[in-house]
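First the structure, in the form of structure tokens, and then the observations on it.
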Amino acid sequence: MRRLLYVHVFLCCLSMAHPFCPSQCTCGFHGRSDGAGTRSVVCNDPDMSDIPVNVPVDTVKLRIEKTMVRRIPTEAFYYLVDLRYLWITYNSISSVDSTSFYNLKVLHELRLDGNMISMFPWESLKEMPRLKTLDLHNNRITHVPTEAIPYLLNITYLDLSSNKLATLPSDFMDIWPPFNGAPISTNASQKVLLGLQDNPWFCDCKISKLIELSKMSGTPVVLMDLYMACSGPENMAGVLFQRAELDNCVKPSVMTSATKITSDLGSNVLLRCDTTGFPTPTLYWAKSDGSLVNNTVQESPGDGIRWSIMSLHGILFKDAGNYSCKAKNDAGNAEATISLSVAGATSTTILPLRPNKTEPTSQGTTFTPPTYTPDSPTITSTVLPRTSTSAVPKKLKTTTSNSLLKGSIKPAKSQQGANGRKLAADEKSKKSDASKSVKDLKIVEETSDTAVLLWTADGLPNDTPLIVVYSPYDEDDIKRTVETNAGSGKVFLDGLSSGMRYSVCLIAKGSAAGKDPCIDFYTLVNVEDGGQNQFFIIISGIACALVLSLIALLLYKILALYCKGHSPDLDQEELEKDSYVKFETLSMKQRTLNSRPTELWARRATHESERMLLCSRSSIDSQMTYKSDSSRSEYLC
């Protein structure tokens with residue numbers, strides 16, 4: 001690297017003294033009337049295989065065309081600090097280094113069309129901050145990564161046509177109007193030209209914004225060819241972008257529980273928003289300064305639906321402002337804003353007092369309780385929060401009365417001796433007992449397997465340990481516990497069963513037995529499980545019906561067979577039906593036609609259909625029948 005730098009320095013000095021032209025290139029100087037000029041260099045020798053290194057340093061335009069150059073090496077143009085136009089077109093370049101264009105600070109135009117580039121180093125664009133034209137058409141680029149998008153902000157002419165692009169990042173169009181939210185300007189100088197034709201586009205939600213752009217008119221972004229067509233999927237092949245309809249792509253829509261919320265100082269706030277769209281959007285919360293909010297919970301109960309809850313505990317004045325719920329999917333973006341205001345102010349009290357020892361307060365600061373002088377007037381001016389006095393120090397609350405809130409002047413009652421000290425001790429004891437409590441226990445956002453428990457800690461320090469105990473109703477043997485603290489104000493219960501009743505208790509360490517608050521709640525019934533159970537019930541009912549039918553049929557057959565066993569006539573009929581040959585009793589009779597009285601012959605009554613089944617005499621017929629010339633066998637075939 002150091003040797004290459006020395007070579008560059010030497011060439012710079014040499015070219016400045018006596019500019020010369022590379023042997024395989026042609027140099028030209030275009031002068032102006034003021035004596036200044038611009039130098040251009042054209043290298044188009046078919047036998048050139050490397051980027052020339054001895055190009056004059058004052059070159060403004062360099063063209064390397066129709067050569068055998070296959071790669072652009074590292075810092076190939078480092079010393080060309082005045083270069084504004086770089087054309088390396090219709091060569092055999094397949095490799096471009098990430099630092100190939102280092103130090104080209106004033107380059108305006110870069111053309112690399114007609115090569116074999118499949119991977120372009122998009123990060124190299126940061127070395128060309130003034131680049132406006134990037135021509136990469138007729139290459140083999142297969143994709144544009146998301147990381148490349150920030151480097152395309154200043155590009156006004158981008159040609160990616162005749163490559164192998166099938167898709168683009170969903171954020172690709174968001175850097176230009178109208179997708180970036182900027183107002184549409186009719187100024188022609190602000191136009192952006194995109195060449196994206198002749199690519200095998202797969203028309204899905206990722207390029208839905210590009211399809212939408214092809215249908216717009218009067219936008220700052222202009223497509224070089226409006227008649228782009230889809231190559232996939234199969235049902236969209238050959239469909240023009242202007243006629244393509246992506247039914248399965250729906251932009252997000254966001255709804256919030258409220259647009260403006262006013263809450264008291266020190267209270268807990270839950271903000272909720274819901275979104276619909278396809279594919280299912282992602283949700284995130286951001287403050288007015290753009291910073292993300294992390295204390296959120298979200299869930300997607302089904303395809304195309306998602307909700308999110310953001311929680312704020314013990315809000316302060318600095319928490320006031322706008323909170324944006326933003327939804328995003330491949331088809332687009334959407335957001336909704338909730339404005340949060342904090343009500344209430346700290347109290348200001350002017351009291352005649354003498355110094356006393358300092359005591360810590362629940363807010364982490366120190367407060368010196370006043371010592372009252374008997375029969376002295378007390379002047380108080382107090383502004384309290386609407387629903388909570390947690391911002392007022394405990395010792396100061398004891399002096400608050402109706403008259404004090406009105407700002408009146410009233411003498412304080414005398415408290416002398418032991419009676420005064422006893423009354424103060426009793427008052428302090430009552431306040432200590434009342435302050436250690438947890439109230440307003442409630443369940444919000446219950447689902448089939450989760451729930452959110454909220455509470456209000458009245459007087460408890462934020463770091464007071466709490467234990468949440470929950471179990472199915474009347475099933476104390478399978479209790480589950482969650483450890484938290486009083487300041488959190490919320491805990492997430494999971495691992496619940498669908499459609500069941502649960503009991504949940506909040507236990508503060510050091511609290512009296514039997515004083516812990518408890519509530520009961522039901523989890524939601526899982527619709528999918530219910531549908532599946534109903535399906536199994538239907539299948540089971542059909543199976544039972546079939547089994548009962550088969551049993552009834554078997555019983556009928558058994559009874560029929562039993563009845564037939566006591567009827568000889570029926571048995572004979574069944575036997576005749578199921579037999580090919582009818583068995584009969586042979587009767588012996590005398591022949592009456594041309595026969596002797598002693599000759600006997602066998603006769604049986606048969607039907608014509610039965611005669612066809614017999615092709616010879618049976619053994620009994622042959623023994624009982626005499627042969628005669630004047631008679632023939634009745635059953636000979």
Side-chain angles (χ1 to χ4, degrees), residues 1-30 38-141 148 151 155 159-160 163:
M1 182 65 68
R2 183 177 298 175
R3 183 180 301 174
L4 181 61
L5 182 59
Y6 290 155
V7 171
H8 286 169
V9 172
F10 172 75
L11 291 174
C12 290
C13 296
L14 185 61
S15 61
M16 290 176 66
H18 300 285
F20 61 90
C21 191
S23 59
Q24 295 175 304
C25 304
T26 301
C27 299
F29 188 82
H30 306 281
T38 59
R39 185 180 302 279
S40 64
V41 178
V42 179
C43 304
N44 54 8
D45 189 341
D47 296 329
M48 179 181 287
S49 59
D50 296 311
I51 299 291
V53 296
N54 54 351
V55 178
V57 295
D58 60 345
T59 300
V60 173
K61 184 174 183 179
L62 174 61
R63 296 170 57 184
I64 303 174
E65 301 174 344
K66 301 177 182 179
T67 67
M68 295 298 294
V69 176
R70 296 183 179 275
R71 61 183 297 269
I72 303 177
T74 302
E75 300 182 2
F77 314 100
Y78 174 81
Y79 56 93
L80 301 177
V81 293
D82 294 327
L83 192 64
R84 298 184 63 185
Y85 304 94
L86 178 58
W87 294 8
I88 310 176
T89 59
Y90 294 96
N91 299 282
S92 301
I93 295 174
S94 60
S95 174
V96 182
D97 193 84
S98 60
T99 58
S100 296
F101 310 109
Y102 181 72
N103 206 35
L104 298 181
K105 303 298 183 182
V106 298
L107 189 69
H108 282 63
E109 190 170 307
L110 175 61
R111 295 183 182 271
L112 294 169
D113 49 301
N115 289 285
M116 297 183 291
I117 301 173
S118 58
M119 297 289 293
F120 180 76
W122 300 95
E123 65 276 11
S124 65
L125 297 179
K126 65 184 178 181
E127 302 295 340
M128 300 170 279
R130 297 188 181 181
L131 189 68
K132 298 296 181 180
T133 298
L134 178 60
D135 190 349
L136 294 172
H137 92 272
N138 197 11
N139 277 280
R140 301 177 180 179
I141 299 175
Y151 305 128
I155 302 295
D159 193 352
L160 295 172
N163 279 277

With side chains defined as the heavy atoms from C-beta onward, is the minimum distance between [X] and [Y] less than 4.5 Å?
| X | Y | value |
| --- | --- | --- |
| Tyr90 | Asn138 | yes |
| Pro22 | Cys27 | yes |
| Met48 | Val69 | yes |
| Asp159 | Asp113 | no |

Closest heavy-atom pair and its distance - [X], [Y]:
| X | Y | answer |
| --- | --- | --- |
| Val53 | Tyr79 | O-OH, 2.6 Å |
| Ser100 | Ile72 | OG-O, 2.9 Å |
| Asn115 | Thr89 | ND2-CA, 4.2 Å |
| Pro73 | Ile51 | CD-CG1, 4.0 Å |
| Asp58 | Asp82 | CA-OD2, 4.3 Å |

Straight-line distance of [X] [atom1] to [Y] [atom2], nearest 0.5 Å:
| X | Y | atom1 | atom2 | answer |
| --- | --- | --- | --- | --- |
| Asn54 | Cys25 | CG | SG | 7.5 Å |
| Ser92 | Met68 | OG | CE | 5.0 Å |
| Asn91 | Leu112 | CG | CG | 9.0 Å |
| Ser118 | Asn163 | OG | CG | 10.0 Å |
| Ile88 | Ile64 | CD1 | CD1 | 5.0 Å |
| Thr59 | Arg39 | OG1 | CZ | 6.5 Å |

Result block: side-chain N/O donor-acceptor pairs under 3.5 angstrom for residues 121-133, not counting sequence neighbours:
from	atom 1	to	atom 2	distance (Å)
Trp122	NE1	Phe120	O	3.4
Ser124	OG	Pro121	O	2.5

Check against side-chain contact (heavy atoms from CB on, under 4.5 Å), Val81 and Val57: CA-CA 7 Å; Val81 293; Val57 295; over 6 Å; no
Geometric cation-pi criterion, Arg111 with Trp87: 6.0 Å, 45°: yes
More than 12 heavy atoms of other groups within 6.0 Å of Met116 CE: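 Check passes, neighbour count above 12.
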Lys66 atom NZ, neighbour heavy-atom count above 12 within 6.0 Å: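 No, not enclosed.
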Tyr102 and Tyr78 aromatic ring geometry - parallel, tilted or perpendicular at 30°/60° bounds: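 Parallel.
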Worked verdict on Phe77 versus Val55 for side-chain contact (heavy atoms from CB on, under 4.5 Å): CA-CA 9 Å; Phe77 314 100; Val55 178; over 6 Å; no
